[in-house]
Amino acid sequence: MSLNEKADFIREIVAEDLRTNKYQGRVHTRFPPEPNGYLHIGHAKSINLNYGIARENPGGVCNLRFDDTNPEKEEQEYVDSIIADVQWISNEKPSTVYYASDYFEQMYQYAVDLIRKGKAYVCDLNADEIRESRGTLTEPGKDSPYRNRSVEENLALFSRMRKGEFPDGAKTLRAKIDMASPNINLRDPIMYRIVHEDHHRQGSAWCIYPTYDWAHGLEDSIERITHSICTLEFENHRPLYDWFLDALGVYHPQQIEFARLNLSYTVLSKRRLLQLVQEGHVTGWDDPRMPTIAGYRRRGYTPEAIRTFCEKIGVSKKDSIIDVALLEWSIREDLNKHAQRAMAVLRPLKVVITNYPEGKTEDLPALNNPEDETAGTRLIPFSRELYIEADDFRESPPPKYHRLSPGKEVRLRAAYIIKCEEVVKDASGNVVELHCTYDPETKSGGTAAGRKVKGTIHWVSAPHAVEGEVWLYDRLFLKEDPNEVTEGDSFLSNLNPDSLEIVSHCKLEPMLGTAKPGSRFQFERVGYFCADPARAESGAPIFNRTVTLKDTWAKIEQKGAAPNAGSGR
RNA sequence: UGUCGGGUCGUCUAAUGGCAGGACAACGGCCUUUGGAGCCGUGAGUAGAGGUUCGAAUCCUCUCCCGACAGCCA
């Protein structure tokens with residue numbers, strides 16, 4: 001948090017607790033993902049919050065802790081990806097990684113303690129029976145017939161549960177609270193369930209596993225967390241969080257809830273993201289169209305941009321949907337200042353400079369980044385035959401079109417002004433080549449370099465061009481709220497069929513041929529791109545489009561095409 | 001119609017009884033060897049009704065709207 005910015009309500013609470021010495025000056029947060037999927041941008045908000053608060057306060061610590069209490073959904077692959085993603089986003093290598101499963105024995109002893117205190121019991125009701133006796137939102141539940149078993153019987157039964165004497169679901173350990181509580185979470189919640197399944201870290205050591213409500217406060221307590229920050233849906237669970245810790249009489253952190261991130265045109269539910277992966281709607285968790293940390297990384301986002309985004313959106317308790325345009329703004333903001341510029345022609349149109357000597361090549365210096373003097377310059381080869389963007393030529397230019405058209409001039413970026421003298425077409429009338437002349441005096445830095453023309457376009461020397469494949473990504477969903485569907489449809493019906501367009505045979509300036517995977521560029525006038533680790537079948541490098549540049553011309557042209565569209569304001 | 005929580009420009013977010021401000025988006029202009037970037041400007045908000053007060057987005061009352069919760073998920 002920068003100094004001139006206002007603290008959010010959570011930071012205010014932390015500051016107040018520090019002032020009143022509530023935790024002896026300690027600030028200890030945690031980020032507790034369940035390893036049942038990859039982390040997404042919503043988790044980035046939480047990471048930023050928890051690590052941020054720890055970092056801002058002297059001696060502050062943030063634990064990375066896996067909440068791995070459900071062997072049915074969790075996998076080592078997810079643990080590995082999460083560690084990598086947290087490191088990338090937080091810019092901190094966790095010195096210790098904590099696991100809830102390391103506390104299973106201690107949790108078990110705490111449960112025994114609660115049984116001894118008469119505050120927990122073994123229940124023989126099955127899942128259906130428990131649901132039926134729980135009551136509804138407006139009616140109280142009914143006590144389980146097993147609610148008043150003796151401490152001795154409960155102890156014996158619980159021990160036998162652990163030993164594996166009962167099948168899955170046969171028994172549970174429940175807290176004895178209040179079946180008539182208006183808060184359903186307090187109606188004798190389940191603490192342990194029987195699941196005969198190997199755990200990714202504990203193997204077959206356990207066949208009873210603690211539930212979230214029972215486990216989470218204990219994890220926080222054991223780690224001496226001060227502020228246990230979670231999302232709004234746990235608000236109704238806080239009384240239970242407090243009840244368990246009070247019943248046990250152990251160290252008691254405070255739970256604070258904030259609104260989870262929602263992004264327009266994006267789904268951020270692990271269940272749905274898993275479905276996209278499993279059903280092959282995307283190529284994997286790290287598909288650049290995915291809102292996962294891994295996806296954004298592969299797409300070319302920087303951790304700095306994601307952090308900026310998280311700071312911009314703030315932290316509150318209000319349910320909200322952030323405009324994805326703010327995320328796009330964040331990455332443009334970062335990349336504009338830092339990305340190496342390059343020239344790349346996506347849809348090439350051949351240009352022959354008829355008055356330029358055949359066989360001649362010049363190496364022209366070009367700025368690596370006009371926003372950053374220290375980035376220096378590089379040499380780009382120029383020759384008689386070039387490629388320009390097909391869209392940068394119009395035979396019949398619309399009004400305000402500042403690019404090439406018959407008889408008109410444009411500047412070639414970092415090179416010369418050229419004039420279109422002749423349009424060459426094929427048998428069916430398609431423009432296949434342009435014959436132009438250049439003005440030798442207008443070389444960048446030359447005598448007439450200052451001569452003004454309306455437009456500047458990018459280009460690549462034909463004999464020097466490197467072939468590449470460019471993958472253009474668009475939003476994955478067509479609707480602002482992908483979950484808004486007509487009856488019977490799923491969110492999948494809102495998938496954007498054009499979320500990926502692969503453009504082959506792009507002409508790239510030579511430097512791009514040796515770009516390292518993960519390196520980021522601005523293709524001038526086109527957008528920001530990131531070299532993918534993979535190569536095309538042809539061996540050509542692949543560049544993922546991170547985000548387009550703002551395109552004012554597209555807006556002008558669109559308005560011209562539909563003068564009355566969008567009226568009514 | 002239970003419990004908990006939330007309603008400030010289109011979208012987020014500040015103002016903690018004292019000028020409703022910022023960002024993104026939109027729109028207009030300037031500038032430009034990226035129709036990029038930058039710069040300048042415009043429009044746009046306190047859910048409603050009462051009350052307290054010199055003064056209310058803020059405090060009180062009522063109303064309305066939205067969200068979460070009935071997994072042996074987290």
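Hydrogens, waters and symmetry mates are skipped; everything else that's a heavy atom, side chains included, is used. Computed from a predicted structure; not experimentally measured. All chains are named by letter (A, B, ...) in the order of the sequence lines, taking the proteins before the strands, and each is independently numbered beginning at 1.
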TODO: For C73(B), take OP1 and OP2 only and decide whether either is under 4.0 Å from a side-chain N or O of Arg193(A).
DONE: yes

Task: Quiz item: Asn236(A) side-chain donor-acceptor pair to A68(B) base, under 3.5 Å - done: yes

Task: Under-4.0 Å side-chain N/O to phosphate OP1/OP2 contact, Thr552(A) with G36(B) - done: yes

Task: Side chain Arg403(A) and base G35(B) donor-acceptor under 3.5 Å - done: yes

Task: Rounded distance in Å between the C1' positions of G22(B) and G45(B) - done: 13 Å

Task: C1' atoms of G55(B) and G17(B), separation to the nearest Å - done: 8 Å

- [ ] Would you classify Phe234(A) as touching base, sugar-phosphate or nothing, given that sugar-phosphate means primed atoms plus P, OP1 and OP2, and contacts are heavy atoms under 4.0 Å?
- [x] base

Open item on the list: Judged by each residue's nearest nucleotide on RNA chain B, which is more toward the 5′ side, Tyr212(A) or Asn369(A)?
Closed with: Asn369(A)

Open item on the list: Once you apply a heavy-atom cut-off of 4.0 Å, does Ile313(A) come out as touching a base, just sugar-phosphate, or nothing?
Closed with: sugar-phosphate

Open item on the list: Can you tell me if Arg332(A) touches the phosphate of G36(B), counting only side-chain N or O atoms and a distance under 4.0 Å to OP1 or OP2?
Closed with: no

Task: Length of the line joining Ile417(A):CD1 and U32(B):C1', which is rounded to integer Å - done: 14 Å

Task: Residue Glu12(A), side-chain atoms from C-beta onward, closest of U16(B), G6(B), C72(B) - done: U16(B)

Task: Residue pair Asn70(A) / Arg193(A), side-chain heavy-atom distance below 4.5 Å - done: yes

TODO: Answer yes or no on whether Arg332(A) is positioned over the face of Tyr528(A), meaning its NZ or CZ is under 6.0 Å from the six-membered ring centre and within 45° of the axis.
DONE: no

- [ ] Mind checking Glu72(A) for me? I need base, sugar-phosphate or nothing, with any heavy atom below 4.0 Å counting as a touch.
- [x] nothing

Open item on the list: Classify Tyr401(A) by what it touches in the nucleic acid, base, sugar-phosphate, or nothing, heavy-atom distance under 4.0 Å.
Closed with: base

Task: Arg475(A) to Tyr265(A) six-membered ring, cation-pi geometry met (6.0 Å, 45°) - done: yes

- [ ] Would you indicate, yes or no, if G35(B) has its OP1 or OP2 atom less than 4.0 angstrom from a side-chain nitrogen or oxygen of Arg411(A)?
- [x] no

Task: Sugar-phosphate, base or nothing in reach of Ala259(A), heavy atoms under 4.0 Å - done: nothing

Open item on the list: Counting only side-chain nitrogens and oxygens, does Lys318(A) get under 4.0 Å of the OP1 or OP2 atom of U8(B)?
Closed with: yes

Open item on the list: Give me the distance, rounded to whole Å, that separates A26(B) from C31(B) when you measure between the P atoms they each carry.
Closed with: 22 Å

Open item on the list: What's the separation between atom CD in Glu389(A) and atom CZ in Arg525(A), rounded to the nearest 0.5 Å?
Closed with: 7.5 Å

Task: Torsion-based syn/anti label for G51(B), 90° from 0 as limit - done: anti

Task: Nearest-angstrom distance, P atom, G67(B) to C12(B) - done: 14 Å

TODO: Kindly say if Ser316(A) contacts the phosphate of C12(B), meaning a side-chain N or O under 4.0 Å from OP1 or OP2.
DONE: no

- [ ] With P as the reference atom in both, quote the distance from C39(B) to A23(B) in angstrom, rounded to an integer.
- [x] 11 Å

Task: Below 4.0 Å: OP1/OP2 of C27(B) and any side-chain N or O of Lys555(A) - done: yes

Task: CG-CZ distance between Leu64(A) and Arg30(A), expressed to the nearest 0.5 angstrom - done: 11.5 Å

- [ ] Decide, applying a 5.5 Å centre-distance limit and a 30° plane-angle limit (both strict), whether His216(A) stacks on A74(B).
- [x] no

Task: Distance, C1' atom - from U52(B) to C64(B), rounded to whole angstrom - done: 23 Å

TODO: Identify, between Gly446(A) and Leu326(A), the residue whose nearest nucleotide on RNA chain B lies closer to the 5' end.
DONE: Leu326(A)

- [ ] Would you please confirm or rule out a distance under 4.0 Å between OP1 or OP2 of G28(B) and any side-chain N or O of Lys559(A)?
- [x] yes

Task: Test item: side-chain donor near acceptor, Tyr301(A) and Asp334(A), under 3.5 Å - done: no

Open item on the list: Taking only the P atom of each, what is the distance from U16(B) to C72(B) in whole angstrom?
Closed with: 45 Å

- [ ] Would you indicate what Glu371(A) reaches in the nucleic acid, counting non-hydrogen atoms under 4.0 angstrom: base, sugar-phosphate, or nothing?
- [x] base

- [ ] Take atom C1' in C9(B) and the same atom in U46(B), then report the distance between them in whole Å.
- [x] 10 Å

Task: Lys443(A) to Tyr416(A), cation-pi by 6.0 Å centre distance and 45° axis angle - done: no

Open item on the list: With a 4.0 Å limit, can you tell me whether Arg134(A) has a side-chain N or O closer than that to the phosphate oxygens OP1/OP2 of G71(B)?
Closed with: yes

Open item on the list: Of the listed nucleotides (G10(B), A70(B), C72(B)), which one gets closest to any side-chain atom of Thr172(A)?
Closed with: C72(B)

Open item on the list: For a quick check of understanding: with a heavy-atom distance under 4.0 Å over all strands, which category does Ser264(A) fall into, base, sugar-phosphate or nothing?
Closed with: nothing

TODO: Select base, sugar-phosphate, or nothing to describe what Thr136(A) touches, counting heavy atoms under 4.0 Å on all strands.
DONE: base

- [ ] Could you tell me whether Ile322(A) contacts a base, only the sugar-phosphate backbone, or nothing, with contacts defined as non-hydrogen atoms closer than 4.0 Å?
- [x] sugar-phosphate

